[in-house]
Amino acid sequence: MTTPPPLRDMIAEYGLRADKSFGQHFLLDLNLTGKIASLCEDVSDVTLIEVGPGPGGLTRPLLELGPKRMVAIEMDRRFIPALEATGEYYATPFEIIEGDALKVDEAAIIGDGPAIIASNLPYNVGTPLFIKWLKADPVFWRRLVLMFQKEVAERIVAPVGSKSYGRLAILTAAVARARIVLKAPARAFTPPPKVESAVIVVEPLPEGQRFTDLAAVEAVTESAFGQRRKTLRKSLGVAAGRANTSSETLLTAAGIDPGARAETIPPDGFFALAKAWRAARG
Ligand code: SAM
């Protein structure tokens, strides 16, 4: 294996410029991309999926880990030739899919065996992609290593009672455990975005411990946190209406004080509420 030319040379050779409409901010710092890749840990038996590889700053250390197989999904076709050329330098079988990661069927790509997803996510699609992976049934990933806008990462790991606590923390807690493992200042990116970033590592809960009706969790949390200053008796009205019942009935069934506010209820309380909502709605 020889090493590919320096990333900046490749970017110049292929004339790759960041395009804001694709949310492009490149990581060119080898130290940082190496650290992010190492968070995948053992990849010897996995299909490693990278979403939005761009010019390949993170792709290189991911390929160096030597996964069983690697698949990169990139929407902007300008990067494909440079990525193909990069793949030639590594022994790992490497496929590139040109397309929208929101529309890709990961289970079909992976086939049998475990998968890990690593990505410096495009900010505009980061949250919907993450929710898509949380909702995947069966859970096809063993670990997610994801760079997010710092505020979004904080919402994902937020404990009950904190100002970032809400729908995203509760959806995550239903099926997984997430932690922030490193923060990256805006200047780590080219061009620098307006916000700071953070990398989270997410691992699925053991199968028997997951609450999998995430559609019901979304219904009750959207309603409850849509008016987070109000009591649940009031704020749950929209979700209760959709299930032809009242907030009081749902809250009583879930053992929650109707006078409480959403941010004081731990994830388990919302799972009980989601169960009551599903029972009422059918
Ligand atoms: N991973 C590269 C890096 O760290 O330097 C690029 C990161 S850049 C923030 C996001 C990348 O995701 C871009 O290459 C962009 O074209 C790609 N992208 C944006 N939306 C996408 C989507 N829906 N599906 C796949 N790739 C997407």
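Order of appearance sets the numbers: ligands from 1, and atoms from 1 within every ligand. These numbers were taken from a predicted model, which means no experiment stands behind them. Heavy atoms only: backbone and side chains are in, while hydrogens, waters and symmetry mates are out.
- A ring-centre distance under 6.0 Å is not found for Phe79 and Phe22.
- No side-chain heavy atom of Phe94 sits less than 4.5 Å from a side-chain heavy atom of Glu84.
- Residue Arg228 places its CZ atom among more than 12 non-hydrogen atoms of other residues, nucleotides or ligands, all under 6.0 Å distant.
- No hydrogens or angles considered: a donor-acceptor pair under 3.5 Å links the side chains of Trp133 and Glu106.
- Comment: Lys163 does not engage Glu263 in a salt bridge, judged by the lack of any side-chain N to carboxylate O separation of less than 4.0 angstrom.
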For each nitrogen or oxygen atom of ligand 1, which protein N/O atoms lie closer than 3.5 Å, and how far apart are they, rounded to 0.1 Å?
{"residue": "ligand 1", "atom": "1 (N)", "partner": "Gly52", "partner atom": "O", "Å": "2.7"}
{"residue": "ligand 1", "atom": "1 (N)", "partner": "Pro53", "partner atom": "O", "Å": "3.4"}
{"residue": "ligand 1", "atom": "4 (O)", "partner": "Asn120", "partner atom": "ND2", "Å": "2.7"}
{"residue": "ligand 1", "atom": "5 (O)", "partner": "Leu27", "partner atom": "N", "Å": "2.8"}
{"residue": "ligand 1", "atom": "14 (O)", "partner": "Gly54", "partner atom": "N", "Å": "3.4"}
{"residue": "ligand 1", "atom": "14 (O)", "partner": "Glu74", "partner atom": "OE1", "Å": "2.8"}
{"residue": "ligand 1", "atom": "14 (O)", "partner": "Glu74", "partner atom": "OE2", "Å": "3.4"}
{"residue": "ligand 1", "atom": "16 (O)", "partner": "Gln24", "partner atom": "NE2", "Å": "2.8"}
{"residue": "ligand 1", "atom": "16 (O)", "partner": "Glu74", "partner atom": "OE2", "Å": "2.6"}
{"residue": "ligand 1", "atom": "23 (N)", "partner": "Asp100", "partner atom": "OD1", "Å": "2.8"}
{"residue": "ligand 1", "atom": "24 (N)", "partner": "Ala101", "partner atom": "N", "Å": "2.9"}
{"residue": "ligand 1", "atom": "26 (N)", "partner": "Met75", "partner atom": "N", "Å": "3.4"}

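- Nearest heavy-atom pair, Phe270 versus Val220, reported as atom, atom and distance to 0.1 Å: O-CG2, 4.1 Å.
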